[in-house]
Q: 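One structure, pasted below without further comment.
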Amino acid sequence: MDLPKAYTHETVEPKWYARWLEWGLFEPRGSGTPFSMVIPPPNVTGSLHMGHALNNTLQDILCRYKRMDRYRVLWVPGTDHAGIATQNVVERQLAAEGLTRQQIGRKNFIERVWAWKHQAGNAILHQLKSLGVSCDWKHERFTMDEGLSRAVREAFVRLWEESLLYRAERLINWCPRCKTALADIEVVHEETDGQLWHIRYPLAEEPSRGIVVATTRPETMLGDTAVAVHPEDERYRAFHGKKIRLPITGRIVPLLADPYVDKEFGTGALKITPGHDFNDFEIGNRYGLDKISIFDADAKLDGQAFRARGETGDWIARYDGKDRFEARRMVVDELRGGGYLERTEPHRHALGRCYRCSTVVEPYLTPQWFVRIKPLAEPAIEAVRKGAIEIVPEGWANSYFAWMDNIKDWCISRQIWWGHQIPAWYCSRCDGNNIIRGTMDEITLTKEARPIVAREAPRLCPKCGGQDLVQDPDVLDTWFSSALWPFSTLGWPDPTQDLKTYYPTSTLVTGFDILFFWVARMIMMGLKFMNDVPFRDVYIHALVRDEHGQKMSKSKGNVIDPLDLMREYGTDAFRFTLASMAAIGRDIRLSEERVAGYQNFVNKLWNASRFVLMNLNGNENNARQETRALDAAELNLPDRWIRSRLAATITEARTAIDNYRFNDFASVLYQFTWHEFCDWYIEMSKLALNGAVGGRVDQSRRFLLEVLEQILLLLHPAIPFVTEEIWQVLGPNRPSIMSEPYPKPERRWTDRAAEAEMDFFMEAIRAIRNLRTEMNCPPGREVKVVFCGPAEDLAALRSFEPYVRALARVGAAEYGGDGERPKGAATAMVGSVELY
RNA sequence: GGUCGCAUAGCUCAGCUGGUUAGAGCGCUCGCCUCACAUGCGAGAGGUCGUAGGUUCGAGUCCUACUGCGACCACCA
């Protein structure tokens, strides 16, 4: 029964993690109230970063606490297939071999992604394990597991059957690099310095007159089908009803008067490109304008788009195949050459970029699948408004409402290969003209194609009995499967015991960056398919920044690898740091010094434990119940005090964690452990153990052990490894600390009189030490102290004299009878301190 | 453009529903290798709580404006 002089996290951490697994301690146990959480599934492509570390540390603290507190805890881990991100990774590998996915074909490509997933995809889970997370690995799921894929198909089909899903040609955000549609929230708007080009469009009838439009995207004029002005704009009243002949294309377009146009902006005249601008699209719909899609999927000019309309001219050949930015330069040059470019001015505006690859997105007219979202959003809004779901900190509820109130239909189809292929098929016989076969096995579907939606591939066309059915080549947005995560991981659509027991889950811990991507959608889908919220509480934690408050990013080179910190300072120190800085609603500025500071705390706990251990004689455990039940009358003051303080600490720690105040939790325990238990209680216990203050020595030993064990139990959720290590040395061969109940304060422990008395004595000791320092008294040198004050206080001090002697190095004490001194003010009672 | 958040010791931050001398960690100063711990012990310096008003018996804590940061949302070409 001994602790090594130094704590070695390198060997202790893996040892205990392996044993916890072996003992099945992460699996739900007992018959307590269920407490369940699902992990925000990290991307299979990911590696552990600070965000994951914080997110999972907080979840683990909750789980370990609840588990010890006798809840039946299930924490479901897993990973997300991360469609575009993963596809990009594997495509890059192919590129290194000089290949493209198109060259190897869809089937081979998907096999290749799976191979990659099996080989490298679970790295992040191993990293999570080294963080100590106590999730139930037997429940591990992957969003493309067979079970979860079935859930995805089921959800899709049900939405379709209830007309909450439709396929239609709409203007969507298109990433020309990923070559897929994106949902609105997958577009990151970025303020960018651009230009505003003022272009003169001549009237068809009188080319000498014209109207000047202002645009940030001159190349889109090739797709213009109208010009609009405000109906009450006096400048343009004379133009109403006129036709305009566009430069370059020579296309004749109408001039519209529409109040949407802002008279103040630019020239007050707006070119309308319904095929490449969301507003123009709306206007186009109102006036029945042609929507010309001037680009292909690569955002290169598509000559066919013009030829198909019967347009002619050598400009078509000139622009055909040109990239959109090249086209812009060409258009500007050509306009300038033709005298159409009136002027340009610098203009700052928000540019949309792909959230995966930062390519400037292109509004693009294509057939896509959409979720009709309003009917799903309404109950989801209600759930938060009525408190069925509580968002912490509540400020985020505002963002949630703002987004949900203005939510637009969700584009869920993606033109990539890695993901859940859409469970819709098309009949070659019925729909032949709408199915365009490309090279290899690629097909393209027109907007008129009529999908047959089914859970499993149909053998025959239900209409004509045809056998040649092709599946929709698109896959679903990754977030579609994530939205089902809280119930798909529990076995849905089967009515499993897990679902019954653990749904709705208790708490979701996540970052605000995926509030809309994920949280909002889980709420909508949970309510839709489970008729109940997916979780009761949503705890939204902050971002981990560097010590200067900068976002960590590879490009800035300020990324701190959590694994490095864990290796250097120990996982417990790292976890405790994260917890202690996780104040509600505030970003975390992580500095390495801070972690080092908490490593000292771990070390302090270790050494305090060594002290306790070396003072035990082996019989203490037998009498623990007795110790806990002892009456105040049987105890000396320090014992009464520490027990009372312990009770208060337990209450505060529980309250903190119950309210997701992880920083309070950490701070309360730090304070108690170091500054009450170590600084005072242990120091005073030395006298008791030496027999210098009377009382029973065995009782003092038991008290030391008892309080230390309570400290270990309290701290375990935050620093699981070192607490288990000490726990096991204190009681060899006993069950894991994880299976112990979380401390509860007993009413009799609270002893306000003892606390007041100790405060008084501690103040006296500090006053003496203070005076010693002021008079430059060497630390080892004993002094004589004269106390003056009310007789009652003097008597109290006299009873405490052995402690005063030891803790303030007092060799002799005198008690003068100055009744004038204020009662209870210990500092004032220290009349004089002198060398003797 | 809209919404929200933050401004408290040198640094990073607590301070929840307004109430005794505003706290912590790190850093700093001084003195100590005191038999658990120098990853330590003891003592100490350091803050007109962003600015200006207001509510109140009383405000870092509530209200208003301003300044400075930051975030999110957004179709003004």
Side-chain angles (χ1 to χ4, degrees), chain A residues 3 5-7 171 184-185 189 196-197 213-217 220 228 260-273 277-283 347 349-350 352 363 393 395-399 401-403 406 512-513 515-516 542-543 545 547-549 551 569 573 577 580-581 583-615 655-656 659 661 663-664 666-668 670-671 674-675 678-679 682-683 685-686 704 765-766 768-774 776-780 806-809:
Chain A
L3 279 172
K5 208 164 159 66
Y7 173 62
L171 203 55
D184 296 339
I185 44 172
H189 292 272
L196 200 56
W197 281 272
V213 299
T215 179
T216 55
R217 299 200 55 197
T220 62
Y260 163 76
V261 179
D262 180 356
K263 289 187 282 187
E264 308 303 318
F265 190 90
T267 62
L270 175 62
K271 65 189 269 308
I272 307 294
T273 322
D277 183 280
F278 290 97
N279 299 314
D280 296 5
F281 180 83
E282 295 297 323
I283 294 174
H347 180 64
H349 64 292
W396 285 108
N398 285 331
S399 304
F401 293 134
W403 191 70
N406 298 304
F512 59 79
D513 50 333
L515 182 59
F516 308 139
L543 215 64
R545 299 169 173 278
E547 57 190 312
H548 307 294
K551 214 165 168 168
Y569 302 100
T577 307
S580 71
M581 299 186 85
I584 283 181
R586 256 185 118 116
D587 283 350
I588 291 179
R589 299 196 183 190
L590 188 76
S591 73
E592 201 167 326
E593 292 89 77
R594 201 67 186 250
V595 185
Y598 287 116
Q599 187 188 22
N600 294 350
F601 175 65
V602 169
N603 182 255
K604 186 74 178 177
L605 179 65
W606 182 260
N607 281 302
S609 305
R610 289 180 57 219
F611 172 82
V612 172
L613 260 169
M614 64 180 58
N615 283 290
T655 304
N659 292 289
R661 305 184 72 92
N663 59 320
D664 287 349
S667 143
V668 156
Y670 182 101
Q671 212 60 29
W674 198 314
H675 298 304
C678 291
D679 286 355
I682 284 188
E683 290 308 317
S685 76
K686 289 174 181 171
L704 273 174
I765 287 168
R766 282 197 203 97
I768 299 166
R769 286 170 172 174
N770 183 349
L771 289 172
R772 289 179 56 109
T773 302
E774 275 177 21
N776 285 323
C777 174
L807 299 180
R809 291 275 161 147

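Note that these values count all heavy atoms, side chains included, but never hydrogens, waters or copies made by symmetry.
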Q: A:N406 near the nucleic acid: base, sugar-phosphate alone, or nothing, with a heavy-atom cut-off under 4.0 Å?
A: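 Nothing: the residue A:N406, judged by heavy atoms under 4.0 Å, touches no strand.
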Q: How is A:R766 classified with respect to the nucleic acid when contacts are heavy atoms under 4.0 Å: base, sugar-phosphate, or nothing?
A: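 A:R766: backbone/sugar contact only, no base atoms under 4.0 Å.
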Q: Could you check how far NZ of A:K686 sits from C1' of B:A36, rounded to whole Å?
A: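 That distance rounds to 7 Å.
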Q: What's the closest nucleotide to the A:K604 side chain, out of B:C4, B:A36, B:A74?
A: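 Closest nucleotide to the A:K604 side chain: B:A36.
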Q: Look at all strands and tell whether A:N770 reaches a base, only sugar-phosphate, or nothing, counting heavy atoms closer than 4.0 Å.
A: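 Answer is sugar-phosphate: A:N770 comes under 4.0 Å of backbone atoms only.
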Q: What is the distance, rounded to the nearest whole Å, between atom CG of A:L270 and atom C1' of B:C76?
A: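 Roughly 9 Å, once rounded to whole Å.
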Q: Which is more 5' along RNA chain B, the nucleotide nearest A:T267 or the one nearest A:I682? Just name the residue.
A: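 On the 5' side of the pair lies A:I682.
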Q: Start with the C-alpha distance between A:L196 and A:F265, add both sets of side-chain angles, then the distance that settles side chain to side chain contact (heavy atoms under 4.5 Å, CB included), and finish with yes or no.
A: CA-CA 11 Å; A:L196 200 56; A:F265 190 90; 4.1 Å; yes
Q: Using the P atom as the reference point in each nucleotide, state the distance between B:U56 and B:C63 in Å, no decimals.
A: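 Straight-line distance between the two P atoms is 16 Å.
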Q: In whole Å, measure the gap between the C1' atoms of B:G25 and B:U39 for me.
A: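 Taking atom C1' in both B:G25 and B:U39, they lie 15 Å apart.
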Q: Rounding to the closest angstrom, what is the interatomic distance between B:A77 and B:U3 at atom C1'?
A: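 It works out to 24 Å between them.
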Q: Parallel, tilted or perpendicular: which fits the ring planes of A:Y7 and A:W606, with parallel below 30° and perpendicular above 60°?
A: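 The rings of A:Y7 and A:W606 sit tilted, inter-plane angle from 30° to 60°.
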Q: For B:A77, take OP1 and OP2 only and decide whether either is under 4.0 Å from a side-chain N or O of A:H347.
A: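 Yes.
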Q: Measuring from the side chain of A:Y670 (C-beta onward, heavy atoms only), which nucleotide among B:A77, B:G25, B:A36 has the closest atom?
A: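 Shortest atom-to-atom distance from the side chain points to B:G25.
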Q: Please check this pair: side chain of A:R772 against backbone of A:A808, looking for a donor-acceptor N/O pair closer than 3.5 Å.
A: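 Checking the backbone N and O of A:A808 against the side chain of A:R772, a donor-acceptor pair under 3.5 Å is found.
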Q: Within this structure, what is the CH2-to-C1' distance between A:W403 and B:A74, rounded to whole angstrom?
A: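 The distance from CH2 of A:W403 to C1' of B:A74 comes to 14 Å, rounded to the nearest Å.
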Q: Figure out the OH/P separation between A:Y569 and B:C26, and round it to whole Å.
A: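 Atom-to-atom, A:Y569 to B:C26, this comes out as 14 Å.
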Q: Using modelled atom types only, decide if a donor and an acceptor are shared between the side chain of A:R661 and the backbone of A:T655 within a distance under 3.5 Å.
A: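 Checked: no pair found.
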Q: Base, sugar-phosphate or nothing for A:K271? Non-hydrogen atoms, less than 4.0 Å.
A: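 Nothing, no nucleic acid heavy atom in range.
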Q: Taking the P atom in each of B:A7 and B:U12, what is the distance between them to the nearest angstrom?
A: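 Their P atoms lie roughly 12 Å apart.
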Q: Just call it for A:N659: base, sugar-phosphate, or nothing, with non-hydrogen atoms closer than 4.0 Å on any strand.
A: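 Contact class for A:N659: none.
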Q: Which part of the nucleic acid does A:W197 contact within heavy-atom distance under 4.0 Å: base, sugar-phosphate only, or nothing?
A: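 No contact.
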Q: Determine the contact category for A:R594: base if any of its heavy atoms lies under 4.0 Å from a base atom, sugar-phosphate if only primed atoms, P, OP1 or OP2 are that close, otherwise nothing.
A: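 Base contact - A:R594 has a heavy atom under 4.0 Å of at least one base atom.
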Q: Considering just the side-chain nitrogens and oxygens of A:N600, establish if one lies under 4.0 Å of OP1 or OP2 belonging to B:G40.
A: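 Yes, within the criterion.
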Q: Can you identify which nucleotide, out of B:C75, B:C41, B:C32, has its nearest atom closest to the A:N279 side chain?
A: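 Nearest nucleotide to the side chain: B:C75.
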Q: Heavy atoms under 4.0 Å, any strand shown: does A:F265 hit a base, just sugar-phosphate, or nothing?
A: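 Touches a base.
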Q: Contact between A:T577 and A:Y569 at the side-chain level, heavy atoms closer than 4.5 Å - yes or no?
A: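 The answer is no, as the side chains (C-beta and beyond) never meet within the 4.5 Å cut-off.
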Q: Have a look at A:S667 and say if it touches a base, only the backbone sugar-phosphate, or nothing, with a 4.0 Å heavy-atom cut-off.
A: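 A:S667: no heavy atom of the nucleic acid under 4.0 Å.
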Q: Is any side-chain N or O of A:Y260 under 3.5 Å from a base N or O of B:C75, one able to act as donor and the other as acceptor?
A: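 Donor-acceptor pair under 3.5 Å: yes.
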Q: Which comes earlier along RNA chain B counting from the 5' end, the contact point of A:C777 or that of A:G597, where each point is its nearest nucleotide?
A: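 The residue whose closest nucleotide sits nearer the 5' end is A:G597.
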Q: Looking only at atom types and distance, does a side-chain atom of A:N603 sit under 3.5 Å from a main-chain N or O of A:Q599, one as donor and one as acceptor?
A: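 Flag not set: sc A:N603 to bb A:Q599 has no pair under 3.5 Å.
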Q: According to the interplanar angle, ranging from 0 to 90°, do the rings of A:Y598 and A:Y670 count as parallel (below 30°), tilted (30 to 60°) or perpendicular (above 60°)?
A: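 Perpendicular: the ring planes of A:Y598 and A:Y670 meet at over 60°.
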Q: Please indicate whether A:E264 has more than 12 foreign heavy atoms, meaning atoms of other residues, nucleotides or ligands, lying under 6.0 Å from its CD.
A: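 Atom CD in A:E264 is not packed in, count stays at 12 or less.
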Q: Contact class for A:V261 (heavy atom, under 4.0 Å): base, sugar-phosphate, or nothing?
A: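 Base: the residue A:V261, judged by heavy atoms under 4.0 Å, touches a nucleobase.
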Q: Which part of the nucleic acid, if any, lies within contact of A:A214, taking any heavy atom under 4.0 Å across all strands shown: a base, the sugar-phosphate backbone alone, or nothing?
A: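 Base contact.
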Q: Roughly how many Å apart are B:G23 and B:U64, using the P atom of each and rounding to a whole number?
A: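 Pairwise P distance, B:U64 against B:G23, rounds to 29 Å.
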Q: Taking the C1' atom of each, how far is B:A65 from B:C28, in whole Å?
A: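 Straight-line distance between the two C1' atoms is 39 Å.
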Q: Could you give the distance separating B:C49 and B:U8 at their P atoms, to the nearest angstrom?
A: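 Pairwise P distance, B:U8 against B:C49, rounds to 11 Å.
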Q: Atom CZ of A:R772 and atom P of B:C32: how far apart are they, to the nearest Å?
A: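 Between P of B:C32 and CZ of A:R772: 13 Å.
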Q: In this structure, how many angstroms lie between the P atom of B:C76 and the NZ atom of A:K263, rounded?
A: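 In whole Å, B:C76 P lies 20 Å from A:K263 NZ.
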Q: Rounded off to whole Å, could you give me the CG-to-C1' distance for the A:D277 and B:A77 pair?
A: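 For the pair A:D277 CG and B:A77 C1', the rounded distance is 7 Å.
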Q: Below 3.5 Å, does any donor atom in the side chain of A:E683 face an acceptor in the base of B:A36, or the other way round?
A: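 Result: at least one qualifying N/O pair found.
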Q: Nearest-Å distance, CZ (A:R610) to C1' (B:A36)?
A: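 Taking CZ of A:R610 and C1' of B:A36, I get 6 Å after rounding.
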Q: Can you tell me, in whole Å, how much space there is between the P of B:C73 and that of B:U55?
A: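 Approximately 40 Å lies between the P atom of B:C73 and that of B:U55.
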Q: Between A:H675 and B:G25, is there a side-chain N or O to OP1/OP2 distance below 4.0 Å?
A: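 Yes, because at least one side-chain N or O of A:H675 sits under 4.0 Å from OP1 or OP2 of B:G25.
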